[in-house]
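So that the names make sense, note that chain A is the first sequence line, chain B the second, and so on, each numbered from 1. The structure presented is a predicted model; accordingly, all values stated were derived computationally and were not measured.
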Amino acid sequence: MLNLFNTLTRRTEPFVPIEPGRVRLYVCGMTVYDRCHLGHGRMLVNFDVLYRWLRASGYAVTYVRNITDIDDKIIERAAQNGEPIEALTERMIVAMQEDLARLWVLPPTHEPRATEHVPGMIRLIEMLIRKGLAYPGRNGDVYYSVRDFPDYGKLSGKSLDDLRAGERVARDEFKRDPLDFVLWKSAKPGEPRWPSPWGEGRPGWHIECSVMSECFLGTHFDIHGGGHDLQFPHHENEIAQSEGAHGHAFVNVWMHNGFLRVNDEKMSKSLGNFFTLADIFEKFHPEVVRFFLLRGHYRSPLNYTDGHLEDARQGLNTLYTVLRDHPTVQGGVPDWAGVAERAFKHALDDDLNTPEAVAVLFGLAHDAHRGEVGAAQRLRTLAEVLGLLNSAPVEWFQKGAGLTVQAGDEDRERIERLVAQRQAARVQKDFATADQIRQALLAEGIVLEDKGGITQWRRS
RNA sequence: GGCGCGAUAGCAAAGCGGUUAUGCACUGGAUUGCAAAUCCAUGUAGGUCGGUUCGACUCCGGCUCGCGCCUCCA
C-alpha cells in the first residue's frame, strides 16, 4: 500500500483515493519566462516518478500540470527583450518540452495554460465576492480577504498573527489587511488585459490553479504537488480560494519536494545561482541528471556539484554494463512476487523512497553479473518503472557513457579502424603495437575491452 | 522575531531499537599477453551532552551547527 507524506497533516499516511482505482493529480508547473533550471527539473522528475508509480500500482491517473503564461515576470522579461509576450512564452514552452522529453518526464494528461482560463478565473472571483471572501479595491484590483477565511494558514502552519508579526508584506493602501492577496490586477498601460466586471486587467497568480484544477479534476481531488516554496503563500492561497468558494475540502494530500542547492544554498532564479537544464546537458547526458535526482529522497535537500553528477554517471554506467552484457533482454511487467521486486515496491510505497529503489537495482545488477538467470531482465523492467536505462547500451557507451561528447560518424569509423588494426597486431603477437593503439585511444577517453576474442570499445 | 527541517563512514545517500543498506572513490586478490569489465576480500559511520532501555545511529530532551518558509520563487 502506498504511503505518502502529507504536508497538510505533517505525517506519512496511507494513500486512499477518493474514487477507487482512480487518482486525480495536480502539480504546479512552470512560469515560462526563462529556461528550466535543475531545481525545476527536480520537481518535474519527482512528480513524474509519482505519476509513473501510481500507474504502475494500477491506478488510472489524471495528471494535470499547468503552465503559467501570464505574470509580472513574463511581462517584464518580454519588455526587456523587446518581444511580444506570446513570442516569449511560446519559445519557453517549446524549450521546456524539449528539456522534459530529454529527462524522460512523461507528458501529463492535461497541460493547461493560465491564459486559456481567464473567464473561469473571473467567475471564481465573482463567487468569492458574493460569499464575502473577496472585495474590489478602489484601484480596480480585487483582493482576497484572508481574515474572512477561518482556516487560513492550515497548510503552512502559520497563524495570521504570526504572519503579521513578520511584517514582511508590502503595504498597500487599498488592502483591508496587509496579508490580503490579489485575485485580479487592473491593467497598467501597455500590459496585456482581459475585460472583467472590475475593468480591464489580468489575473493574480494563485487564482489560476484553483480554476484549472477544478476544470480538469473537480473541486475535490486527491493529490496536489509542487516545490516546497509554493507551500506558502501559493498553496495556502489556493486552499483559501477553492475551499472558500466551494465550502468543502479541496485536496486530500499535499506534496512538496525539497530544494536543489548549489553550495548549500537554494538554487533559484532570484538568487541567480541556477544552472539551466540545457547548460547541464552540455556536459552530462540527461539520464545521468535523472539518475542523480533519483538517488536522493524527494523531500530532502539535494546539493548540486559536477562531482556528484560524475558519481551518478559512474553508477549509472555500472547498470548499463549489465544491459550491454545481456543485449537481448527486454523490459516488461514486473513480477511483484519476486524478492527484489517486493523490496522495490516497498521502497516506492514508502513515500517514494527512490534511493532505496535504486539500491535494489544495484542488487539485481550484482546478481546479473554473477550469472543469475533473469536478473538482467528484472533490472531492466524495474529501471523502466523509474524511467531509467532508456538508451541502447552499446550506443550509450560509445556516445559518451553519460558525458556529452561531440563525435560524428567519421570519428566512429576512425576508432573502429584502429581497433581492427590493433586486433591484427594482436593476432601477430605484436603487443607493442597493440598497446600503443590502446594507449592512444585511452588518451582520448576510449577504453578497449577484449572479451571472448572480440574487442568492444566504449568511452569512459 | 514567528514556524519548520536536517546533522550517518573519504564523498553521496537509505532503512532499522539488537543481524552487510546501496553507490562513487580507495586497497588487496582472482581473471587478462597488458588492460577494461566482472568476481572475491576489506570499512564497526551515525554532530554533541544527557535520558529511557537488557540493548539506541534508530525513541525523548538540552546544546551546537547548517538549511528553508514567513516577499517573486519548483
Side-chain angles (χ1 to χ4, degrees), chain A residues 7 10 27-31 33 36-47 68 71-73 76 153 156-159 161-170 179 205 225-234 236 256-261 264-271 274 291-292 294-297 299-303 305 307-319 321-322 324-325 343 346-347 350 353-363 365-366 368-371 397 426 429-432 434-435 438-439 442 446-451 455-458 460:
Chain A
T7 308
R10 273 154 271 266
V27 171
C28 288
M30 291 287 301
T31 300
Y33 72 97
C36 296
H37 66 230
L38 186 54
H40 299 125
R42 181 181 196 196
M43 179 273 290
L44 293 157
V45 166
N46 286 153
F47 287 107
T68 300
D71 99 316
D72 290 352
K73 293 202 169 181
E76 193 182 316
S156 51
K158 298 178 191 305
S159 78
D161 295 326
D162 289 344
L163 288 165
R164 176 78 77 122
E167 286 293 0
R168 295 180 65 177
V169 179
L179 298 169
W205 174 35
H228 206 260
D229 45 357
L230 298 189
Q231 186 183 335
F232 189 92
H234 186 237
E236 194 70 62
H256 294 98
N257 69 278
F259 291 128
L260 199 101
R261 298 180 180 179
D264 289 321
E265 262 190 337
K266 171 183 173 180
M267 175 182 288
S268 81
K269 292 185 188 174
S270 323
L271 293 172
F274 63 91
F291 184 67
F292 163 71
L294 264 32
R295 293 206 314 165
H297 185 82
R299 284 193 288 119
S300 302
L302 182 61
N303 209 26
T305 67
H308 295 166
L309 243 7
E310 179 58 25
D311 284 357
R313 181 174 84 88
Q314 296 300 351
L316 190 56
N317 283 157
T318 299
L319 299 181
T321 301
V322 176
R324 192 195 56 175
D325 292 349
H346 180 265
D350 181 16
N353 191 334
T354 54
E356 206 178 320
V358 167
V360 172
L361 260 30
F362 279 100
H366 192 234
H369 278 134
R370 294 183 56 169
F397 284 111
R426 289 180 72 217
K429 305 266 186 220
D430 178 4
F431 293 122
D435 288 349
R438 176 194 288 292
Q439 286 307 318
L442 191 60
I446 291 156
V447 176
L448 304 186
E449 301 185 355
D450 302 323
K451 236 186 254 180
T455 299
Q456 276 190 307
W457 66 273
R458 64 178 171 88
S460 64

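Rounded to whole Å, atom C1' of rC69(B) lies 16 Å from atom NE2 of His234(A). Between Phe232(A) atom CZ and rG2(B) atom P the separation is 17 Å, expressed in whole Å. Whole-Å rounding puts the Lys266(A) NZ to rG68(B) P distance at 8 Å. When rounded to the nearest whole Å, the span between NZ of Lys158(A) and P of rC70(B) equals 7 Å. One atom, CD of Glu449(A), and another, C1' of rA35(B), lie 9 Å apart when rounded to the nearest Å. Between the CG atom of Leu163(A) and the P atom of rG2(B) there is a distance of 14 Å, rounded to whole Å. Distance CG (Asn303(A)) to P (rC11(B)): 13 Å, rounded to an integer number of Å. Whole-Å rounding puts the Arg261(A) CZ to rA13(B) C1' distance at 14 Å.
Spacing between rC72(B) and rG15(B) at atom P, rounded to whole Å, works out to 34 Å. Separating the P atom of rC5(B) from that of rC60(B) is a span of 11 Å, rounded to the nearest Å. Comparing rU53(B) with rG43(B), their P atoms are spaced 34 Å from each other, to the whole Å. When the P atom is used for both rC67(B) and rA12(B), the distance is 15 Å, rounded to whole Å. Rounded to a whole angstrom, the distance from the C1' atom of rA25(B) to that of rA9(B) is 13 Å. Spacing of P atoms, rG61(B) relative to rA37(B), comes out at 48 Å, to the nearest Å. Between rU38(B) and rG23(B), the two P atoms lie 11 Å apart (nearest whole Å). Taking the C1' atoms as reference points, rA41(B) lies 36 Å from rU48(B), given to the whole Å.
Ranked by how close their nearest RNA chain B nucleotide is to the 5' end, His346(A) and Arg10(A) are led by Arg10(A). Along RNA chain B, the nucleotide closest to Asn317(A) and the one closest to Ser156(A) are compared, and the more 5′ of them pairs with Ser156(A).
Comparing rC39(B), rC72(B), rA74(B) against the side chain of Phe259(A) picks out rA74(B) as the nearest. Picking from rC72(B), rA74(B), rG15(B) the nucleotide with the shortest atom distance to the side chain of Asp350(A) gives rG15(B). In the set rC11(B), rC72(B), rC39(B), rC11(B) carries the atom at the smallest distance from any side-chain atom of His308(A).
Panel note: side chain Asp350(A), backbone Asn353(A); no donor-acceptor pair is recorded below 3.5 Å. Checked by atom type and distance alone, the side chain of Thr354(A) pairs as donor or acceptor with a backbone atom of Gly296(A) at under 3.5 Å. Side-chain atoms of His228(A) never come within 3.5 Å of backbone atoms of Phe259(A) as a donor-acceptor pair (strictly under, hydrogens ignored). Distance alone, capped at 3.5 Å, places no donor-acceptor pair between the Arg261(A) side chain and the Pro301(A) backbone.
As judged by a 4.0 angstrom heavy-atom cut-off over every strand, Thr31(A) is placed among residues touching the sugar-phosphate backbone only. Among the heavy atoms of the strands, none lies under 4.0 Å from Arg299(A). In this structure, Gly226(A) reaches the sugar-phosphate backbone alone: every heavy-atom distance under 4.0 Å involves primed, P, OP1 or OP2 atoms, never a base. Leu361(A) comes within 4.0 angstrom of no nucleic acid atom, judged by non-hydrogen atoms across all strands. Nucleic acid contact class of His297(A) (heavy atoms, under 4.0 Å, all strands): sugar-phosphate only. Contact annotation for Gly258(A): base contact, defined as any heavy-atom pair under 4.0 Å involving a base atom. Heavy atoms of Leu442(A) sit nowhere under 4.0 angstrom from any nucleic acid atom.
In this structure, rU48(B) forms a base pair with rG62(B), meeting either the Watson-Crick or the G-U wobble geometry with both donor-acceptor distances under 3.5 Å. Across all strands shown, rC26(B) forms no Watson-Crick or G-U wobble pair with both distances under 3.5 Å. Remark: rA9(B) base-pairs with no nucleotide in the shown strands. Criterion, Watson-Crick or G-U wobble with two distances under 3.5 Å. The nucleotide rC3(B) finds its pairing partner in rG68(B), both defining distances of the Watson-Crick or G-U wobble pair being shorter than 3.5 Å. Pair check for rA36(B) finds none; no Watson-Crick or G-U wobble contact set falls under 3.5 Å. A 3.5 Å limit on both hydrogen-bonding distances identifies no Watson-Crick or G-U partner for rA74(B). In this structure, rG15(B) makes no Watson-Crick or G-U wobble pair, since no nucleotide meets both defining distances under 3.5 angstrom.
For the pair Lys451(A) and rA35(B), the criterion of a side-chain N or O lying under 4.0 Å from OP1 or OP2 is not met. Between Thr305(A) and rA12(B), a side-chain N or O to OP1/OP2 separation shorter than 4.0 Å is absent.
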Start with the C-alpha gap between Gln456(A) and Phe397(A), add the side-chain angles, then the distance that decides, and say whether side-chain contact (heavy atoms from CB on, under 4.5 Å) holds. CA-CA 10 Å; Gln456(A) 276 190 307; Phe397(A) 284 111; over 6 Å; no
How does protein contact run along nucleotides 21-29 of chain B, one letter per nucleotide 5' to 3', with B for base contact, S for sugar-phosphate only, - for none, heavy atoms under 4.0 Å? BSBS-----
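Expressed to the nearest 0.5 Å, how far CZ of Arg426(A) lies from CG of Asp450(A) amounts to 3.5 Å. How far CD of Glu236(A) is from CD of Gln231(A): 8.0 Å, rounded to the nearest 0.5 Å. Rounded to the nearest 0.5 angstrom, Phe291(A) CZ and Asp311(A) CG are separated by 10.0 Å. Rounded to the nearest 0.5 Å, atoms SG (Cys36(A)) and CZ (Arg42(A)) are 16.0 Å apart. Rounding to the nearest 0.5 Å gives a distance of 6.0 Å between CZ of Arg458(A) and CZ of Arg324(A).
A salt bridge between Glu76(A) and Lys73(A) is absent, with no side-chain N of the basic residue lying under 4.0 Å from a carboxylate O of the acidic one.
Under the 6.0 Å cut-off for aromatic ring centres, His37(A) and His40(A) qualify, their centroids lying closer than that.
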With 3.5 Å as the limit, what N/O pairs link the protein to nucleotides 30-33 of chain B?
{"from": "rG33(B)", "atom 1": "O6", "to": "Arg422(A)", "atom 2": "NH2", "distance (Å)": "3.1"}
{"from": "rG33(B)", "atom 1": "O6", "to": "Arg426(A)", "atom 2": "NE", "distance (Å)": "3.0"}
{"from": "rG33(B)", "atom 1": "N1", "to": "Asp435(A)", "atom 2": "OD1", "distance (Å)": "2.9"}
{"from": "rG33(B)", "atom 1": "N2", "to": "Asp435(A)", "atom 2": "OD1", "distance (Å)": "2.8"}
{"from": "rG33(B)", "atom 1": "N2", "to": "Asp435(A)", "atom 2": "OD2", "distance (Å)": "2.3"}

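Closest heavy-atom contact between Val358(A) and Leu294(A): CG2-O, 4.1 Å.
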